[in-house]
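Report on one structure; see the data block that follows.
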Amino acid sequence: MQSFYKIQHREPSNKILTHRLKVIYPAIMLVLSIIIDYSRVLDFSVVPLICVLSLILFSLFLPSRQLIIWAFIYILVVTLALWIQRDKWATPNNNADALVATRVIVASGAGVIACLYAKLRERDDVTYLSVIQLLEQFSLPAIMSDSDGWLTHMNSEALIIFGEKTTPEAPFYEYFSDSSNKGKAIQNYMELASGMSQGPQRIDLSLMLEDDSLYSATMMRITIGTRNLVLTLFDLPVKPTLNKL
């Protein structure tokens with residue numbers, strides 16, 4: 001059961017620094033690969049490999065429009081880097097032109113796949129934001145959390161009963177009450193989030209808040225693109241407040 005309690009702390013991200021890294025990181029990787037090639041440290045070109053791996057990595061966070069531009073630049077650089085040094089990279093068993101062509105095709109394929117994935121990710125983000133906007137229209141408290149148990153969104157009603165101004169960067173199970181079988185509640189949550197059990201689950205989670213109020217809630221698993229999330233809806237009216245012993 002200890003595995004359900006092992007949650008790594010998530011540090012708040014510096015948005016300005018993150019944005020700058022997104023802008024300069026592709027250029028850094030490109031310059032690095034060219035320097036390695038022209039320093040002749042290795043007997044083969046690392047430009048195609050670095051470009052392909054970088055494009056796959058960029059697809060996880062770069063906007064699709066920006067990724068399309070960088071994919072075009074990367075493919076152009078791969079072509080030029082290999083063409084200029086095609087005699088160096090060719091072997092007695094390999095035709096230089098064919099070597100350049102195959103590497104460019106691979107880089108182009110990686111670029112297309114990366115751009116398509118970035119578009120899919122952006123579409124998932126739009127869908128997710130639409131779901132969040134829908135939750136804000138609910139008249140009952142609603143909480144969204146991810147498959148690792150971390151809170152991703154509390155609607156305005158949930159923020160009121162939890163006494164928060166914004167959604168805290170914390171595990172959802174921190175709010176579970178020890179008065180119930182907390183370990184079992186966490187296990188049920190993780191099984192639902194992972195798809196091991198079918199939802200929705202009508203469970204008395206007994207969420208313990210600062211005022212010792214206990215709330216009954218229903219959890220259900222929802223999938224938005226590649227995201228597996230758990231939506232928790234609280235009952236209204238809530239259960240009576242329990243007095244401290």
Could you tell me whether the side chain of [Y] reaches within less than 4.5 Å of the side chain of [X], counting heavy atoms only?
X	Y	answer
Met190	Gln187	no
Glu122	Arg65	no
Leu140	Leu233	yes

Output all residues satisfying side-chain contact (heavy atoms from CB on, under 4.5 Å) with [X], sequence neighbours left out; order by chain, then residue number.
X	answer
Ile105	none
Leu76	Leu80
Ser197	Glu191, Leu192, Gln201
Ala114	Leu55, Ser59, Leu67

Item to complete: Apply the test side chain to side chain donor-acceptor pair (under 3.5 Å) to residues Thr152 and Asp146: give CA-CA distance (whole Å), side-chain angles for both, the deciding distance (0.1 Å), then the verdict.
Response: CA-CA 7 Å; Thr152 59; Asp146 62 21; over 6 Å; no
Side-chain ([X]) to main-chain ([Y]) donor-acceptor, under 3.5 angstrom:
X	Y	answer
Arg121	Leu62	yes
Glu157	Ala142	no
Arg221	Val230	no
Asn155	Leu135	yes

Worksheet item: Hydrophobic cluster mates of Leu116, side-chain heavy atoms under 4.5 angstrom, ILVMFWY only, any path?
Response: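 Members other than Leu116 - counting any ILVMFWY side chain reachable under 4.5 Å - are Val112.
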[atom1]/[X] to [atom2]/[Y] distance, rounded to the nearest 0.5 angstrom?
X	Y	atom1	atom2	value
His153	Leu231	NE2	CG	10.5 Å
Thr232	Met154	OG1	CE	9.5 Å
Asp148	Phe172	CG	CZ	14.5 Å
Thr167	Phe162	OG1	CZ	10.5 Å

Practice prompt. Might you point out which heavy atoms bring Ala107 and Val52 nearest each other, and give the distance in Å?
Written response: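 Minimum heavy-atom separation between Ala107 and Val52: CA-CG2, 4.0 Å.
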Practice prompt. Is it possible for you to say whether Met196 and Leu229 belong to one hydrophobic cluster, with membership spreading through side-chain heavy-atom contacts below 4.5 Å?
Written response: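 Not linked; separate clusters.
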Item to complete: Could you check Tyr189 against Ser145 for side chain to side chain donor-acceptor pair (under 3.5 Å), going step by step and ending with a plain yes or no?
Response: CA-CA 10 Å; Tyr189 177 95; Ser145 49; 2.5 Å; yes
Worksheet item: Can you name the salt bridge (charged side-chain N to carboxylate O under 4.0 Å, His left out) partners of Arg227, sequence neighbours left out?
Response: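 With sequence neighbours excluded, Arg227 shows a salt bridge (charged side-chain N to carboxylate O under 4.0 Å, His left out) to Asp125, given in chain and number order.
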Worksheet entry | Atom CZ of Phe138 with >12 non-hydrogen neighbours under 6.0 angstrom | yes
